[in-house]
Amino acid sequence: MQRTLLIGSTFAGSIGLLAAALVASPAAAAPQYIEKEVLAGSSEAQAIAYFWDKAQLQDATPYNVETTVAAKHISTGGPTADTKAGTVPAIGDEKKSTSTSKNVNLPRTSGKVFFMGADGKPHWCSGTSLQSKYRNLVATAGQCVYDTESNKPVLNNWVFVPGYYQGKTPWGIYVGKTAYTHYDYDVYEDGDRNYAFVTVYNGVKLTGDKEVDKKAYDAWKGQKKILSEVVTKEEFEAKYTEGGPYWKKTLAPVTSPVDPPKASFTQAEAEKYYTDGVDGVKLTTESVSPAAYAAAPTGTNAMKNGEKCPTWCGPDSGKEYPIDEATYNKLKADPNFKGVLRKTEQNQFFKKEWFVKKWVKTSVAEAYFKDHYIVRGVENVGRLGDNVGGQGLAYNQKLGKAHYVFGYPSGAHPDGNRVFSGNTLKWSYGKTFAASASAIKAQELVGIKSSFTGQGAIGSSWLAGYKNTRRLGYLNGVTIAVSDRDGNKRIDTSVSAYFDGETYGVYKQAANVWSGSIL
């Protein structure tokens with residue numbers, strides 16, 4: 001999806017809420033949030049973690065929400081705080097730090113969000129680890145959780161990979177459990193509420209396939225498979241134990257044509273060669289096309305027109321039989337049917353078949369196998385916040401503050417110049433200003449100077465008060481769109497929803513939810 005949105009002047013004033021219950025409108029207007037279950041249980045989560053192996057991670061593409069807005073710098077007016085300004089300290093930064101540095105150290109909290117998009121293909125956005133009670137929270141853009149075009153969640157196979165770099169997962173893979181968005185974004189597609197918070201299970205690292213015994217295999221709740229190794233009959237008889245890893249497999253009966261033992265057989269004579277269908281020979285018939293029937297030799301191998309059909313032959317060859325419409329339709333759709341079908345104007349249905357006689361030998365083959373019980377190994381690496389930390393949260397902040405933006409931009413500028421690969425974490429720096437975009441129903445956005453192209457950068461974290469040595473700050477926005485303000489066909493601005501008291505309300509609901517481990 002690619003939109004070009006016209007940015008307009010921003011008005012000052014309080015935020016008007018369109019709040020409603022999930023099914024019916026409430027009696028009083030109040031913030032409403034939507035909770036979506038990402039997964040049903042831990043065994044499915046293990047399968048999702050293994051879905052995102054290195055190849056799948058590298059095959060994913062930036063989510064196709066290259067939302068470009070036409071914009072201009074607006075220095076007055078803008079979003080209005082709905083309550084008192086506030087902050088939530090970052091993990092490990094509850095005590096103030098006064099150290100400074102000129103170099104920009106990239107935060108460990110930033111990474112990529114991977115999921116199956118509304119188009120059924122693997123995609124990614126940017127995301128960041130956030131402070132929470134159980135150190136298990138990820139912040140990203142709303143469209144990386146819910147697609148307003150198709151009105152469908154994009155939560156299938158949703159994972160967060162902090163520190164992602166060219167298919168590598170240095171701190172593990174964190175499978176999403178529950179996503180939280182604002183009601184106005186899902187229902188009214190309100191761009192002013194385009195943000196999401198997702199709880200994640202404890203992280204895992206994929207340790208590869210390993211062979212275990214059958215007891216461990218049966219108990220394993222994650223992905224697993226059985227590999228059957230062909231062994232000789234002697235190996236099987238020497239090593240097989242009941243309930244052990246060895247077993248015998250019997251293949252389906254194999255039927256092959258053979259030359260008739262003699263020129264002509266009666267049914268009774270033919271039955272002498274049939275021994276319970278095993279290593280025996282029997283006389284049978286086969287339905288063939290009229291052309292194959294005409295080409296068959298006379299005598300024992302075929303019945304020509306005018307010949308009397310022997311008892312073994314079944315229906316008279318070439319004779320037409322009435323059938324019902326359901327049988328007619330079934331045979332018409334069957335590519336193996338060799339006969340002829342006919343339908344009259346009175347909706348009467350007929351079939352005609354031709355048969356030839358043949359000798360066949362039926363046998364049942366035995367093969368011997370050794371089973372190898374394979375499980376896909378995963379290692380619990382613990383909680384997200386314990387491993388990479390978590391940014392704080394700021395809301396109801398004044399415009400004009402400096403922010404760092406961290407994300408994984410990809411895609412080309414409007415002039416075709418491609419400066420970002422999407423493989424590595426990038427940063428930009430600027431001060432926030434007011435903006436609006438009526439095409440996405442967003443009147444109270446904030447903008448920041450940034451050359452990030454929209455694809456891949458959607459969900460990038462805006463960090464205020466970023467402490468370079470501790471790599472921590474306060475999340476005060478996520479990229480939801482980009483803009484070319486000066487019209488030179490080069491992206492120069494990113495925009496975000498304004499984080500206010502309602503943003504904090506959605507965050508607070510998500511920040512107090514436990515997710516646990518998938519192992």
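Along the sequence shown, the residues carry numbers beginning at 1.
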With sequence neighbours left out, write down each residue that passes ring-ring contact (aromatic ring centres under 6.0 Å, His included) with Y164, or none if nothing qualifies.
-> F114
Does S515 have any side-chain hydrogen bond (donor to acceptor under 3.5 Å, both in side chains) partners at least two apart in sequence or in another chain, and if so, which?
-> N136
Take Y174 and N387 through the test side chain to side chain donor-acceptor pair (under 3.5 Å) and record every step on the way to the result.
-> CA-CA 11 Å; Y174 298 79; N387 292 325; 2.7 Å; yes
Side-chain touch N194/Y185, heavy atoms, less than 4.5 angstrom | yes
Residues passing the side-chain hydrogen bond (donor to acceptor under 3.5 Å, both in side chains) test with T109, sequence neighbours excluded, are T128, Q391
Report the residues that fulfil ring-ring contact (aromatic ring centres under 6.0 Å, His included) with Y165, sequence neighbours left out, ordered by chain and then residue number.
-> none
Partner residues of N336 under the side-chain hydrogen bond (donor to acceptor under 3.5 Å, both in side chains) criterion, sequence neighbours left out = none
With side chain to side chain contact (heavy atoms under 4.5 Å, CB included) as the test, would you mind laying out the steps for Y504 and L393 before giving the verdict?
-> CA-CA 8 Å; Y504 175 72; L393 180 76; 4.0 Å; yes
Please state whether the rings of Y404 and Y429 are parallel, tilted or perpendicular, taking 30° and 60° as the class boundaries.
-> tilted
With sequence neighbours excluded, what pairs up with Y466 under the side-chain hydrogen bond (donor to acceptor under 3.5 Å, both in side chains) test?
-> none
Under 3.5 Å, is there a donor-acceptor pair between the side chain of T140 and the main chain of S126?
-> yes
Of the non-hydrogen atoms in A510 and L137, which two are nearest, and what is the gap between them?
-> CB-CD1, 3.7 Å
List the atom of I448, the atom of G430, and the distance in Å for their closest heavy-atom pair.
-> CD1-O, 3.3 Å
Q58-K54 side chain donor-acceptor pair, cut-off 3.5 Å = no
How many angstroms lie between atom NZ of K112 and atom SG of C125, to the nearest 0.5 angstrom?
-> 10.5 Å
Those residues at least two apart in sequence (or on a different chain) that pass ring-ring contact (aromatic ring centres under 6.0 Å, His included) with W171 are none
How far apart are the closest heavy atoms of D192 and E444, and which atoms are they?
-> OD1-N, 2.9 Å
Could you check if a side-chain atom of W427 sits within less than 4.5 angstrom of a side-chain atom of V405, using non-hydrogen atoms only?
-> no
Measuring from T169:OG1 to L206:CG, what's the distance to the nearest 0.5 Å?
-> 6.5 Å
If you measure from CZ on R485 to OG1 on T493, what distance do you get to the nearest 0.5 Å?
-> 3.5 Å
So, N476 versus H403: side-chain donor-acceptor pair below 3.5 Å or not?
-> yes
Residues 375-385, side-chain donor-acceptor partners within the protein, below 3.5 Å, at least two apart:
unit_1: R376; atom_1: NE; unit_2: D209; atom_2: OD1; d: 3.3
unit_1: R376; atom_1: NH1; unit_2: Q223; atom_2: OE1; d: 3.4
unit_1: N380; atom_1: OD1; unit_2: G382; atom_2: N; d: 2.8
unit_1: N380; atom_1: ND2; unit_2: S517; atom_2: OG; d: 3.1
unit_1: R383; atom_1: NE; unit_2: D386; atom_2: OD2; d: 2.7
unit_1: R383; atom_1: NH2; unit_2: D386; atom_2: OD1; d: 3.3
unit_1: R383; atom_1: NH2; unit_2: D386; atom_2: OD2; d: 3.2

Do I480 and Q143 come within less than 4.5 Å of each other through their side chains, counting heavy atoms only?
-> yes
Rounding to 0.5 Å, atoms CD1 (I173) and NZ (K205) come to a distance of 10.5 Å
Donor-acceptor under 3.5 Å (N329 side chain, A333 main chain) = no
Note: Y63 and A118 closest approach over all heavy atoms is OH-N, 3.7 Å
L130 vs L475 side-chain heavy atoms within contact, under 4.5 Å = yes
Considering residues at least two apart in sequence or located in another chain, which fulfil the ring-ring contact (aromatic ring centres under 6.0 Å, His included) criterion with Y217?
-> Y373
Please say which of K121, H123, Q455 ends up in a side-chain hydrogen bond (donor to acceptor under 3.5 Å, both in side chains) with T61.
-> H123
Set of salt bridge (charged side-chain N to carboxylate O under 4.0 Å, His left out) partners for D218, sequence neighbours left out | K214
In residues 413-426, what donor-acceptor pairs under 3.5 Å come from side-chain atoms, sequence neighbours left out?
unit_1: H413; atom_1: ND1; unit_2: I491; atom_2: N; d: 2.9
unit_1: D415; atom_1: OD1; unit_2: N417; atom_2: N; d: 2.9
unit_1: N417; atom_1: OD1; unit_2: R490; atom_2: NH1; d: 3.4
unit_1: R418; atom_1: NH2; unit_2: S410; atom_2: OG; d: 2.9
unit_1: S421; atom_1: OG; unit_2: N423; atom_2: N; d: 3.1

Would you say L463 and F406 make side-chain contact, with heavy atoms under 4.5 Å?
-> yes
In short, K370 meets V231 closest at the heavy-atom pair CB-CG1, 3.9 Å
Is a side-chain N or O of D500 found less than 3.5 angstrom from the main chain of T503, in a donor-acceptor match?
-> yes
Within the 6.0 Å centroid threshold, strictly below: F499 and Y195 | yes
Verify, without hydrogens or angle tests, whether S496 (side chain) and G477 (backbone) share a donor-acceptor contact under 3.5 angstrom.
-> no
Among residues two or more places apart or on two chains, list those pairs meeting salt bridge (Lys or Arg N to Asp or Glu O under 4.0 Å) that have a residue in residues 503-519.
-> none
What's the spacing between Y395 OH and Y474 OH if we round to 0.5 Å?
-> 11.5 Å
Heavy-atom side-chain contact between V198 and W158 under 4.5 Å | yes
In short, W52 meets P122 closest at the heavy-atom pair CH2-CB, 3.6 Å
State, with a plain yes or no, whether a side-chain heavy atom of L155 is found less than 4.5 Å away from one of Y146.
-> no
For S494, does its backbone N or O pair with a side-chain atom of S450 as donor and acceptor, under 3.5 Å?
-> no
Any chance you could lay out the ring pair (Phe, Tyr, Trp, His ring centres under 6.0 Å) test for F197 and Y180, step after step, and finish with the verdict?
-> CA-CA 5 Å; F197 303 97; Y180 295 83; 8.6 Å; no
Is the shortest heavy-atom distance from the side chain of I374 to the side chain of K224 under 4.5 Å?
-> no
Check: N202/Y134 side-chain N/O donor and acceptor closer than 3.5 Å | no
Nearest-0.5 Å distance that lies between atom CD1 in I458 and atom SG in C144 | 7.0 Å
